[in-house]
Amino acid sequence: MPEVEATPRFQELADGLKISVVRGQRLYHNHQWPHPVVVKLENVEPAITRPPYAETGAASAAADVGFEYQEYGGFAAAMHNTGWKATGTRRMTAKGAFEMRVTGLKPEVEYQCRAFVKHPWIIMRGDHKLFTTGRTREVE
């Protein structure tokens, strides 16, 4: 595909480094190349000396935190599911546990959730936790 510009490029921006790498050596033309693209960065200085930390169930000090959740379709489906929904965020000013109310969940359905902590340059996500919603009360 000689019409494709495959030269790697990078651009330093105020909010980070933008890298563009084309899989120029692939043998397939259907975007199904099974091998990862590997980029080696040298002489890089960290932008964050102490990154934020997220643990599902607790948060580090002075961070914007929240949850992401989705229906759990089993282990294999969960690896490729990108249907995460996010709660709003809450500013935590001290280390400790936090909780947020989520509405609109289906009754008696298994969900997975994970905590996240937001920093201006990065979002860190905690481990996935499973939970099952209860039955709704029928109105007579």
Min side-chain heavy-atom separation Lys85-Gln70 under 4.5 Å: no
Whether Thr133 side chain and Val109 backbone form a donor-acceptor pair below 3.5 Å: yes
Heavy-atom check, side chain of Thr87 versus side chain of Tyr69, under 4.5 Å: yes
Expected output: side-chain Arg90 to main-chain Ala63 donor-acceptor under 3.5 Å: no
Any Lys18 side-chain heavy atom under 4.5 Å of Phe10 side chain: no
Rounded distance [0.5 Å steps], CZ in Arg125 versus CZ in Arg114: 5.0 Å
4.5 Å side-chain heavy-atom contact, Val117 and Ile123: no
Glu71: side-chain hydrogen bond (donor to acceptor under 3.5 Å, both in side chains) partners, not counting sequence neighbours: Lys106
Minimum heavy-atom distance Ala115-Phe98, with the two atoms named: CB-CZ, 4.0 Å
From SG (Cys113) to OH (Tyr72), nearest 0.5 Å: 13.0 Å
Polar side-chain atom of Thr89 near backbone of Val65 as donor-acceptor pair, under 3.5 Å: no
With Tyr111 via ring-ring contact (aromatic ring centres under 6.0 Å, His included) - residues at least two apart: Phe131
Hydrophobic cluster identity match, Ile19 and Leu13, side-chain contacts under 4.5 Å: no
